[in-house]
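All remarks here apply to the structure that follows.
Each chain gets a letter, A, B and so on, in the order the sequences are listed, and its residues count up from 1.
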There are 2 protein chains.
Amino acid sequence: MPHRAAIPRPSLARLPIYYRRLLRHLEQGEGIISSQELGTAAGVPAAQVRKDLSHLGELGRAGVGYETRELALTLEDFMGLAHTKIAVLVGVGNLGRALAAYAGFERYGLRIVALFDHDPEKVGKQIAGKPVFGTDQIAERVQSLGAEMGIITVPAVGAQDVADEMVKAGIDVIWNFAPRALIVPDHVILENEDLAARLATISYHVILRRLET
Amino acid sequence: MPHRAAIPRPSLARLPIYYRRLLRHLEQGEGIISSQELGTAAGVPAAQVRKDLSHLGELGRAGVGYETRELALTLEDFMGLAHTKIAVLVGVGNLGRALAAYAGFERYGLRIVALFDHDPEKVGKQIAGKPVFGTDQIAERVQSLGAEMGIITVPAVGAQDVADEMVKAGIDVIWNFAPRALIVPDHVILENEDLAARLATISYHVILRRLET
DNA sequence: TAGATTGTTAATCGATTAACAATC
DNA sequence: TAGATTGTTAATCGATTAACAATC
């Protein structure tokens with residue numbers, strides 16, 4: 001069983017950026033890359049890159065750099081991108097639809113196998129090639145499909161109920177797009193993608209910029 | 001001209017969470033709220049809340065707490081949520097469509113006034129009640145509409161060109177959803193919303209969880 | 001050997017948290 | 001007055017960065 005080290009959250013968040021830079025480097029036929037080049041891509045100093053990568057092991061060669069393909073594969077393995085992750089998505093509004101159809105996710109091993117909505121108009125249809133079920137079927141389907149991840153794209157009001165339902169069904173990783181702080185048991189990993197909240201912080205910058213000029 | 005203090009990024013990111021908690025508190029007719037209650041909503045200790053809010057001034061009363069409505073208005077003002085921010089969105093795919101239609105943004109003062117795409121099929125149509133123009137018209141329309149913010153939802157390949165175009169047109173705040181590191185001049189504020197990269201970090205957690213159990 | 005670049009140590013920086021005097 | 005809660009100071013924690021010996 002492969003060992004996976006603990007890694008600081010900010011370091012983890014930079015790995016996908018390095019990974020993409022490596023893929024592009026590989027396309028260009030470059031066999032070796034330096035921490036300097038990776039740092040430029042991520043907007044951090046080379047020392048930060050080396051520190052980040054040091055959490056995964058000794059991956060480079062002093063005086064030379066990192067072997068492009070090897071490092072890409074190591075990152076891919078570390079983040080588990082080659083492993084299929086079975087997910088369900090609840091809330092087939094505009095955003096839910098967009099995420100269900102997003103090809104970029106599949107390339108990272110995410111397979112959204114079922115959609116749920118309480119609108120009878122949508123239930124029974126297919127969206128982005130995936131079946132839509134009623135929200136009353138979440139528990140049942142999660143178990144029969146072996147889903148381990150749940151994506152919430154319902155409006156704020158319904159989000160906690162959906163989360164509860166997912167947790168009850170045994171899901172232990174939730175990616176929440178609803179603009180609401182959810183309460184989940186300790187063993188459940190909750191990642192919030194709160195676009196309205198993000199907009200609010202961007203709004204601050206816009207206003208600041210307006211006052212400056 | 002109102003003064004806006006510098007505020008650490010993590011503190012700024014928590015303000016919208018406090019703000020939403022305040023709105024709910026207000027709905028429930030509660031006139032006073034404590035840092036303790038706000039902290040619970042955001043998952044941080046009360047001391048963190050008080051420190052965060054202290055960047056905006058002395059907003060509470062010792063021994064009592066914060067006046068709900070007053071604090072909500074202060075946050076709203078600080079983040080500029082009541083001010084209209086004119087934006088354009090480039091890339092009318094699934095995600096672009098979803099963002100263009102997202103009602104939550106309007107509540108925070110974002111007004112997306114024009115969409116752009118290079119697909120002739122889409123140009124000339126209306127999507128979510130907003131006109132779609134050809135990408136060759138970005139500069140012209142940004143200026144005539146007075147847009148100060150740009151949202152990028154094109155595929156990775158085209159993102160840098162779109163950003164360049166926006167910057168040339170005078171846009172100085174860019175919200176980028178394309179999975180690509182963009183290069184912009186120093187005076188431009190760039191906020192990345194890289195969902196594929198986020199998925200990669202979540203994938204790490206899923207795999208870790210799998211190994212644990 | 002000279003030049004380049006790694007991994008790691010130590011210093012720096014900045015954010016979080018605990019503690020408490022001041023206030024209501 | 002007793003109890004509650006603020007704003008702020010100081011201590012703690014954790015991440016970033018600079019510097020450099022080790023390595024190629």
Side-chain angles (χ1 to χ4, degrees), chain A residues 3 5-18 21-22 25 30-75 78 181 192 197 201 204, chain B residues 3 5-18 21-22 25 30-75 78 181 192 197 201 204:
Chain A
H3 167 76
I7 181 171
R9 200 165 235 283
S11 295
L12 177 61
R14 281 185 291 268
L15 297 186
I17 311 301
Y18 302 150
R21 183 70 188 78
L22 286 164
H25 209 64
E30 301 285 345
I32 296 288
I33 195 167
S34 67
S35 58
Q36 181 58 250
E37 290 171 274
L38 289 169
T40 301
V44 296
Q48 179 75 77
V49 175
R50 297 199 298 277
K51 177 63 115 179
D52 288 344
L53 295 179
S54 75
H55 293 108
L56 320 202
E58 302 200 4
L59 307 175
R61 275 200 299 161
V64 180
Y66 300 88
E67 217 276 298
T68 314
R69 177 183 303 275
E70 192 186 296
L71 183 55
L73 287 174
T74 302
L75 290 183
F78 184 80
N192 290 301
T201 70
Y204 167 83
Chain B
H3 166 76
I7 181 170
R9 201 163 235 284
S11 295
L12 177 61
R14 281 186 292 266
L15 297 186
I17 312 301
Y18 302 152
R21 183 69 187 79
L22 286 164
H25 208 64
E30 300 286 344
I32 296 287
I33 196 168
S34 67
S35 58
Q36 180 58 247
E37 289 171 275
L38 288 169
T40 301
V44 296
Q48 180 74 75
V49 175
R50 297 198 299 276
K51 177 63 114 179
D52 288 343
L53 296 178
S54 75
H55 293 108
L56 321 202
E58 302 200 3
L59 307 175
R61 276 200 300 162
V64 180
Y66 299 88
E67 217 276 299
T68 314
R69 177 183 303 276
E70 193 186 297
L71 184 55
L73 287 173
T74 301
L75 290 183
F78 184 80
N192 290 301
T201 70
Y204 166 82

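- With rounding to whole Å, A:Q36 atom CD is found 12 Å from C:dA4 atom C1'.
- The nearest whole Å value for the distance from the NZ atom in B:K51 to the P atom in D:dT9 is 8 Å.
- Across all strands shown, C:dA18 forms a Watson-Crick or G-U wobble pair, both distances under 3.5 Å, with D:dT9.
- A:R14 has a side-chain polar atom (N or O) that falls below the 4.0 Å cut-off from OP1 or OP2 of D:dT16.
- Distance CD1 (B:I7) to C1' (C:dA15): 12 Å, rounded to an integer number of Å.
- OP1 or OP2 of C:dG7 has not a single side-chain nitrogen or oxygen of A:R50 nearer than 4.0 Å.
- Here A:L15 contributes atom CG and A:I7 contributes atom CD1; the two are 4.5 Å apart, rounded to the nearest 0.5 Å.
- Atoms CD (B:Q48) and P (C:dA15) sit 10 Å apart, rounded to a whole Å.
- Nucleotide C:dT16 holds its P atom 13 Å from the CZ atom of A:R9, rounded to whole Å.
- Here the CG-CD1 distance, from A:N192 to B:I17, works out to 7.5 Å after rounding to the nearest 0.5 Å.
- Using a 4.5 Å cut-off on side-chain heavy atoms (C-beta onward), A:L53 and A:T74 make no contact.
- B:S11 approaches B:H55 most closely through the heavy-atom pair OG-CE1, 4.0 Å.
- The nearest heavy atom of DNA chain D to B:A46 and to A:P10 marks one nucleotide each, and the one closer to the 5' end goes with B:A46.
- A pairwise comparison of heavy atoms in A:E70 and A:L59 identifies OE2-O, 4.2 Å as the closest pair.
- Contacts with DNA chain D (heavy atom under 4.0 Å) in residues 58-68 of chain B: B:E58, B:L59, B:G60, B:R61, B:A62, B:G63, B:V64, B:G65, B:Y66, listed by number.
- Distance B:D52 CG to C:dT16 C1': 10 Å, rounded to the nearest Å.
- Of the listed nucleotides (C:dA18, C:dT16, C:dT8), C:dT8 has the atom at the smallest distance from the side chain of A:S54.
- The partner of C:dC24 is D:dG3, judged by Watson-Crick or G-U wobble contacts that both fall below 3.5 Å.
- When the C1' atom of C:dT8 is taken as reference, atom NE2 of A:H55 falls 11 Å away, rounded to whole Å.
- Side chains of B:L38 and B:D52 form no contact here, defined as non-hydrogen atoms less than 4.5 Å apart.
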**OP:** Decide side chain to side chain contact (heavy atoms under 4.5 Å, CB included) for B:I33 and B:Y18; before the verdict, give the C-alpha distance in whole Å, the side-chain angles of both, and the deciding distance to 0.1 Å.
**Re:** CA-CA 11 Å; B:I33 196 168; B:Y18 302 152; over 6 Å; no

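- Rounded to an integer number of Å, the gap from B:E37 CD to D:dT5 P is 9 Å.
- Phosphate contact (OP1/OP2 of D:dT6, side-chain N/O of B:S35, threshold under 4.0 Å): present.
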